[in-house]
Amino acid sequence: MGSVQTNDGASAGLTADSTRKVIVAGAQLGAINVDTPRSEGIQRMLKLMDDAHSQKAKLIVYPEIAPVTFFPRHILEGEELEQYFEREVDGDPTQSTNLKPLFDKAREYKMDMYLGYAECTGDEHVHYNTCVYYSGQIDKVVSKYRKVHLPGTFEPYERKDATNQLEKRYFKPGDLGFEAFRAPNLVPDALTKKSGAKLNEPDTLGKGDPIVGMIICNDRRWPEAWRAYGLQGVELMLCGYNTTAWAPELLGVNSKVPTKEKTKTEALFHNKLCVTYNSYANSCFSINVAKCGMEDGKYPLIGGSCIVDCDGEVVAEASTEEDELIVAEIDLGMCRRGKEKVFAFEKHRRIEHYGRISEQTGVREPEFL
């Protein structure tokens, strides 16, 4: 597919005079089972990259823990667990044995890439749920992010037929924070240090290389993560996810969602709610990409991969639960309206009243009457 078209025939999310237009792609993956060879998953990812290149995409976004099955649902230890983790070479993921073909192809195409994987750090065997942003323009990993909001439990559920979510068991909480970064050469005519322009001046805001943020799966449900990036001027948020469509022990059930079908509908609704509202509230585009479908014949993951504009409108959306590429030409220049009007943080935020957000975790109810 080419640029997404609106009803009036104009390209979605574009302004006529902006130089901040870029074609981006989300590479949704269908089910990857326990017995699916990692090499097969990598080949499917490479095929999607080929398709993105044929449509002139400059950035491709893959799901969370992309090359393998969503293994945190299983009780694993030792080598059975370690097989799912990627080991970087001297801290360089581009030289990881399994992942190297993806970086090599992105380098060939000069394509930027968000890649999610399970990371094992050096000899310590510390594990993180990780993603990196690789710039094919300069052949360099520009930024790494480790998932902060780990869902689920440490101990497995007692019921044998329960769907576990054991990320707290297998991963450490991310330790790199929510640090935005600039994607070099993703748009033309960007201001740089060499230009001599002063940072954070009214006439230079939104004119440098694109400001990007990264989150993973459950992070998208937490507005604190988005706002941390919003306060750094984020223009493009990238998010990969593996989200269950049915796990009553983890998600709970009530009279609204008594069946698997209704639970799946709710999960898709909540996914879209998170990414559309937070894109709007931080005046940024977002690319949100699933690994989905029925893994191992009994673990359903939702699809719903989508590209959202800075007004919270979905401009491209997957229609299947298979491998599928979504593509849109977006205009990051559109972000300025929200950042300068409704969400002009410097004019309207009242931080003297927000202390509770960072001072406590659990709920503390008011005194009883």
Side-chain angles (χ1 to χ4, degrees), residues 1-4 12-13 21-30 32 41-68 86 93-94 96 98-117 130-145 181-187 209-210 212-217 235-242 275 284-292 303-309 315-318 320 322-330 332:
M1 63 188 292
S3 299
V4 177
K21 299 174 184 177
V22 59
I23 299 175
V24 298
Q28 176 176 285
L29 289 169
I32 296 180
I42 296 291
Q43 287 303 312
R44 286 162 57 183
M45 295 168 73
L46 290 170
K47 171 62 168 61
L48 289 164
M49 192 184 296
D50 290 339
D51 293 346
H53 177 65
S54 72
Q55 297 181 56
K56 297 180 170 54
K58 296 298 184 184
L59 166 64
I60 188 168
V61 177
Y62 288 109
E64 173 190 29
I65 313 179
V68 297
E86 309 295 344
T94 69
S96 169
N98 298 313
L99 303 178
K100 190 174 184 299
L102 293 163
F103 290 105
D104 289 346
K105 181 66 73 171
R107 181 186 308 110
E108 175 187 342
Y109 288 154
K110 296 190 182 303
M111 186 183 297
D112 288 12
M113 173 175 63
Y114 165 112
L115 176 62
Y117 59 95
T130 296
C131 65
V132 294
Y133 187 99
Y134 170 78
S135 170
Q137 300 283 329
I138 64 172
D139 185 21
K140 181 180 179 181
V141 170
V142 175
S143 186
K144 174 185 283 188
Y145 171 76
F181 58 94
R182 292 192 185 271
N185 306 323
L186 195 60
V187 299
D209 288 297
V212 181
M214 298 190 294
I215 52 178
I216 299 174
C217 198
E235 298 170 292
L236 180 60
M237 186 75 85
L238 311 179
C239 178
Y241 59 94
N242 285 234
V275 300
C284 66
F285 286 79
S286 66
I287 307 173
N288 311 280
V289 183
K291 174 138 57 62
C292 54
S305 300
C306 59
I307 300 171
V308 181
D309 76 11
V315 297
E317 186 171 13
T320 73
E322 306 293 336
D323 293 6
E324 182 178 352
L325 193 74
I326 55 173
V327 178
E329 185 176 25
I330 63 175
L332 300 177

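- When all heavy atoms of Lys21 and Glu329 are compared, the closest pair comes out as CB-OE2, 4.0 Å.
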Inset, instruction - Verify side-chain contact (heavy atoms from CB on, under 4.5 Å) between Leu48 and Leu29, making sure each step is shown before the conclusion. - result: CA-CA 9 Å; Leu48 289 164; Leu29 289 169; 3.7 Å; yes
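- Pairs engaging residues 106-115 under the salt bridge (Lys or Arg N to Asp or Glu O under 4.0 Å) rule: Asp104-Arg107, Lys105-Glu108, Arg107-Asp139 [sequence neighbours left out].
- Of all non-hydrogen atoms in Glu86 and Pro67, the two that sit nearest each other are OE2-CG, 4.4 Å.
- Minimum heavy-atom separation, Arg182 to Val142: O-CG1, 3.6 Å.
- Taking CG from Leu46 and NE2 from His53, the interatomic distance works out to 13.0 Å, rounded to the nearest 0.5 Å.
- Side-chain contact check for Leu238 versus Val212: some heavy-atom pair is nearer than 4.5 Å.
- Not a single donor-acceptor pair under 3.5 Å links the side chain of Tyr114 to the backbone N or O of Cys131.
- Note on ring orientation: taking the six-membered ring where Trp is involved, the planes of Tyr134 and Phe103 are perpendicular (angle over 60°, cut-offs 30° and 60°).
- Counting only heavy atoms from C-beta outward, the side chains of Leu102 and Ile42 approach each other to under 4.5 Å.
- Side-chain atoms of Pro210 and Leu236, non-hydrogen and from C-beta on, never get closer than 4.5 Å to each other.
- Looking only at distances, no side-chain donor or acceptor of Tyr117 sits under 3.5 Å from a matching main-chain atom of Glu64.
- Distance alone, capped at 3.5 Å, places no donor-acceptor pair between the Lys291 side chain and the Gly240 backbone.
- Smallest separation of non-hydrogen atoms from Leu59 and Tyr133: CD1-CE1, 3.7 Å.
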Legend entry - Working for side-chain contact (heavy atoms from CB on, under 4.5 Å), residues Phe285 and Ile287: CA-CA 7 Å; Phe285 286 79; Ile287 307 173; over 6 Å; no
Inset, instruction - List the steps and the verdict of side-chain contact (heavy atoms from CB on, under 4.5 Å) for Ile60 and Met45. - result: CA-CA 10 Å; Ile60 188 168; Met45 295 168 73; over 6 Å; no
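- Distance OG1/Thr130 to NZ/Lys144: 6.0 Å, rounded to 0.5 Å.
- Nearest heavy-atom pair, Val275 versus Cys306, reported as atom, atom and distance to 0.1 Å: CG2-SG, 3.9 Å.
- Side chains of Thr320 and Gln28 form a contact here, defined as non-hydrogen atoms less than 4.5 Å apart.
- How far CD of Glu235 is from CG of Leu332: 5.5 Å, rounded to the nearest 0.5 Å.
- Looking at every heavy atom in both residues, Tyr241 comes nearest to Ser305 through OH-N, 3.3 Å.
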Inset, instruction - Check the pair Gln137 / Leu186 against side-chain contact (heavy atoms from CB on, under 4.5 Å), numbers first and verdict last. - result: CA-CA 8 Å; Gln137 300 283 329; Leu186 195 60; 5.7 Å; no
